[in-house]
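Have a look at the structure below before the remarks.
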Number of protein chains: 2
Amino acid sequence: MAITIKEVAQRANVAPSTVSRVISNDPRISEKTKVRVRKIMERLGYHPNFIARSLAKRSTRIIGLVLPSSSNVFYQNLFFPAILQGLSEGAQKEQYSLLLSTGKTEDEIYEGVVKMVQGGIVDGVILLYSRMNDHILTYLRDRAFPFVSIGKPYDFIEEITYVDNDNVLAAEQATDYLIQLGHERIGFIGDDLTFVKTLDRLFGYERALKRAGIVLSGEYIIHEDFSHEGGQAAAKRILSIDEPPTALVMSDDFLALGVVHSLREMGLRTPEEISIVSFNQVLFPEPSFHGLTSVDINIFDLGYQAAKSIIQKLQTGDAPTGSIIPHHFVERHSCKSIKRTAMTLTY
Amino acid sequence: MAITIKEVAQRANVAPSTVSRVISNDPRISEKTKVRVRKIMERLGYHPNFIARSLAKRSTRIIGLVLPSSSNVFYQNLFFPAILQGLSEGAQKEQYSLLLSTGKTEDEIYEGVVKMVQGGIVDGVILLYSRMNDHILTYLRDRAFPFVSIGKPYDFIEEITYVDNDNVLAAEQATDYLIQLGHERIGFIGDDLTFVKTLDRLFGYERALKRAGIVLSGEYIIHEDFSHEGGQAAAKRILSIDEPPTALVMSDDFLALGVVHSLREMGLRTPEEISIVSFNQVLFPEPSFHGLTSVDINIFDLGYQAAKSIIQKLQTGDAPTGSIIPHHFVERHSCKSIKRTAMTLTY
DNA sequence: TTGAAAGCGCTAACAA
DNA sequence: TTGTTAGCGCTTTCAA
């Protein structure tokens with residue numbers, strides 16, 4: 001067994017409570033005894049037992065991270081490590097630790113969250129996603145347990161602390177950009193519409209089209225996983241349309257790469273025959289690498305701010321409702337102008 | 001405050017210890033009281049407090065994960081999420097949780113590990129890397145604290161539980177493959193040589209060359225980060241050599257993509273002018289996608305087995321010293337034969 | 001400025 | 001089959 005506070009107290013000829021106060025650097029303890037006790041802690045190699053402390057203080061300084069249930073896809077995308085890095089740095093700064101949810105199915109994850117929360121393992125929770133009708137969010141909210149959502153919540157937006165980009169605006173700008181280039185047959189490819197960010201991006205896309213007086217076509221809106229298979233399926237769908245789009249807005253770089261690749265295999269080149277704008281900007285930051293024109297959503301900042309928000313909430317009991325992380329449109333080489341003026345030159 | 005075991009006991013007219021035994025499904029308790037107590041737990045919405053249980057049992061069922069200190073690169077590579085997925089599944093299966101180390105620098109990480117271990121937060125630790133002269137490993141070993149290393153340890157290989165591929169053999173096979181294709185000027189690009197896996201792969205590369213009677217050239221061995229910048233730097237180095245290699249063995253897909261890309265920008269095409277074999281196989285499993293001939297090291301299995309090994313160690317007090325995960329050579333389109341017979345045809 | 005003592009919620013001898 | 005009791009190692013009133 002390891003050294004306890006009692007043994008330190010004995011050696012130092014003080015009460016355990018005094019040692020405890022030395023640990024937390026209580027100002028009521030004289031410098032002299034502090035120095036003496038610290039020396040003995042050092043000599044004995046004493047380290048406080050966090051579990052005992054947690055039990056007494058009813059706080060662990062551990063934050064639970066909840067991944068989405070479609071985590072197989074999540075694990076194959078650089079979004080996850082990027083956001084973890086931000087979370088990790090934000091937590092480390094305030095001496096918090098991060099506990100991962102391990103479940104695969106929705107039920108497993110739910111059970112895991114209940115265990116973390118009711119078991120007193122975590123002081124707060126961060127949801128690494130936001131989707132509609134989420135049981136876990138409802139559970140946390142019903143219990144008034146501190147949590148932060150990465151992604152704007154679908155309901156109760158006024159009362160939930162979240163961190164997000166302005167996805168509507170970002171998608172609108174991306175779509176506008178394509179419209180400016182002369183495109184009118186513009187498609188949208190996103191993943192599961194239960195995710196709020198997909199809804200938002202779709203909404204921004206639609207808003208841009210409407211404002212430009214372009215009629216929406218249901219055929220042009222496609223939903224697939226953020227995976228290579230998803231990309232392939234999406235590419236097939238696109239080519240099966242009578243009047244296929246000349247440009248695409250896509251909700252993720254990985255998905256976009258898959259689509260671009262599949263389209264190329266089917267004989268459709270980017271940007272010559274089809275223009276592409278995507279989201280996330282995690283795959284090699286260099287502009288020259290894959291050449292996807294894309295919206296950089298600053299994933300690291302998203303994670304960092306989420307950690308900051310939950311910690312603030314835990315420490316002050318309150319936190320800003322919504323934090324919006326700025327995005328940046330990064331123009332590269334996956335889009336081509338098809339304005340009539342440009343076209344006539346070609347004729 | 002939440003419901004405690006005492007309140008359940010009162011309502012059920014039993015002693016707290018009986019409730020405790022019901023929770024752990026102790027066979028000594030009669031079915032009748034079990035049912036009664038469970039009903040009351042249900043009705044009160046009781047959930048055991050894990051912290052209290054952990055303190056009493058001196059075990060938390062939490063496993064600490066330690067990332068390498070060069071984690072900025074780690075976070076930008078799909079190796080990390082892939083191994084996490086394996087770890088996660090292995091942990092979930094046995095009802096263990098995963099705690100992440102959050103530090104950036106070596107010192108921060110070391111402090112974090114000490115805190116986890118001495119603080120009694122974790123029952124065991126998994127090192128997600130293996131490098132020579134690792135303080136953390138030494139610390140854990142000195143304390144005889146249960147841990148598993150992902151990657152063969154540099155020292156004390158007999159007594160440390162680890163999970164790894166046969167990287168020497170894999171690199172030897174990859175190099176052999178290039179030799180079979182007629183290459184003799186073969187380079188090796190890896191990252192930091194303090195990582196054991198890089199050492200092993202380098203060793204396998206050298207062994208294959210020696211066996212084929214090819215003289216090693218120090219110029220042909222390059223070390224760079226697993227990042228795009230690293231790839232760029234490596235590409236420059238290669239082109240600066242008087243007699244540049246006609247083929248490369250590389251220790252990571254991400255690095256390889258960066259190198260391939262940079263080389264192409266500098267006018268050297270793959271596989272026409274330079275052949276490439278790499279490692280990891282995390283970036284889109286489809287053979288057609290990026291076309292890199294590569295060694296699939298089954299990262300998921302590596303993580304899954306690591307979780308399994310540490311849990312076995314925690315439960316039985318013992319575990320196999322080394323588990324070797326099989327690798328698979330995946331032939332694609334990044335290598336070209338330059339055998340003399342083929343060459344003469346061209347002349 | 002320090003100490004004594006109770007208690008955080010649970011488990012695990014030992015008794016019955 | 002169940003209850004009693006003494007901790008696990010720390011914090012925190014209350015008292016001195």
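Since we're looking at a predicted model, the values are computed, not measured. A, B, ... follow the sequence lines: proteins, then strands. Residue 1 opens every chain. Just so it is clear, the values below take in all heavy atoms, side chains as well, and ignore hydrogens, waters and symmetry mates.
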NA contact type, B:Val19, heavy-atom cut-off 4.0 Å: base, sugar-phosphate, or nothing?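 Contact class for B:Val19: none.
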
Using a cut-off of 4.0 Å on non-hydrogen atoms, how would the nucleic acid contact of B:Asn13 be classed: base, sugar-phosphate, or nothing?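 Contact class for B:Asn13: sugar-phosphate only.
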
Provide a list of protein-nucleic acid N or O atom pairs under 3.5 angstrom, restricted to nucleotides 13-16 of chain D.
residue	atom	partner	partner atom	Å
D:dT13	O4	A:Arg21	NH2	3.0

Nearest-neighbour nucleotide for the B:Ser30 side chain, C:dC10, D:dC10, D:dT1 considered: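 Comparing C:dC10, D:dC10, D:dT1 against the side chain of B:Ser30, the answer is D:dT1.
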
In whole angstrom, what separates [X]'s [atom1] from [N]'s [atom2]?
X	N	atom1	atom2	answer
A:Arg53	C:dG9	CZ	P	18 Å
A:Ile51	C:dG9	CD1	C1'	13 Å
B:Lys6	D:dA6	NZ	C1'	13 Å
A:Leu55	D:dT11	CG	C1'	10 Å
A:Arg58	C:dA6	CZ	P	17 Å
B:Lys57	C:dA13	NZ	P	11 Å
B:Ile5	D:dG3	CD1	P	13 Å
A:Met41	D:dG9	CE	C1'	15 Å

Can a donor-acceptor pair be found between the side chains of [X] and [Y] at a distance below 3.5 Å?
X	Y	value
B:Asp192	B:Thr194	yes
A:Ser17	A:Ser20	no
A:Ser309	A:Gln305	yes
B:Thr161	B:Lys313	yes

Nearest 0.5 Å, what's the OG-NZ distance between A:Ser69 and A:Lys104?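 NZ of A:Lys104 is found 12.0 Å from OG of A:Ser69.
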
In Å and rounded to the nearest 0.5 Å, what is the CD1 to CG distance from A:Ile83 to A:Asn298?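 Answer rounded to 0.5 Å: 11.0 Å.
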
OP1, OP2 of [N] versus side-chain N and O of [X]: anything below 4.0 Å?
X	N	result
A:Thr18	C:dG3	yes
A:Thr33	C:dT2	yes
A:Ser24	D:dT11	no

What do you reckon, is NZ of A:Lys308 surrounded by more than 12 foreign heavy atoms closer than 6.0 Å?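 For A:Lys308, atom NZ is not crowded (no more than 12 foreign heavy atoms under 6.0 Å).
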
Do other residues, nucleotides or ligands put more than 12 heavy atoms under 6.0 Å from A:Glu42 CD?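 12 or below, so no.
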
Among residues 112-124 of chain B, which residues get a heavy atom nearer than 4.0 Å to DNA chain C?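 Under 4.0 Å from DNA chain C: no residue of residues 112-124 of chain B.
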
Keeping to residues at least two apart or across chains, list the ring-ring contact (aromatic ring centres under 6.0 Å, His included) pairs with something in residues 92-148 of chain A.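 Every pair satisfying ring-ring contact (aromatic ring centres under 6.0 Å, His included) with a residue in residues 92-148 of chain A: A:Tyr110-A:Tyr139.
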
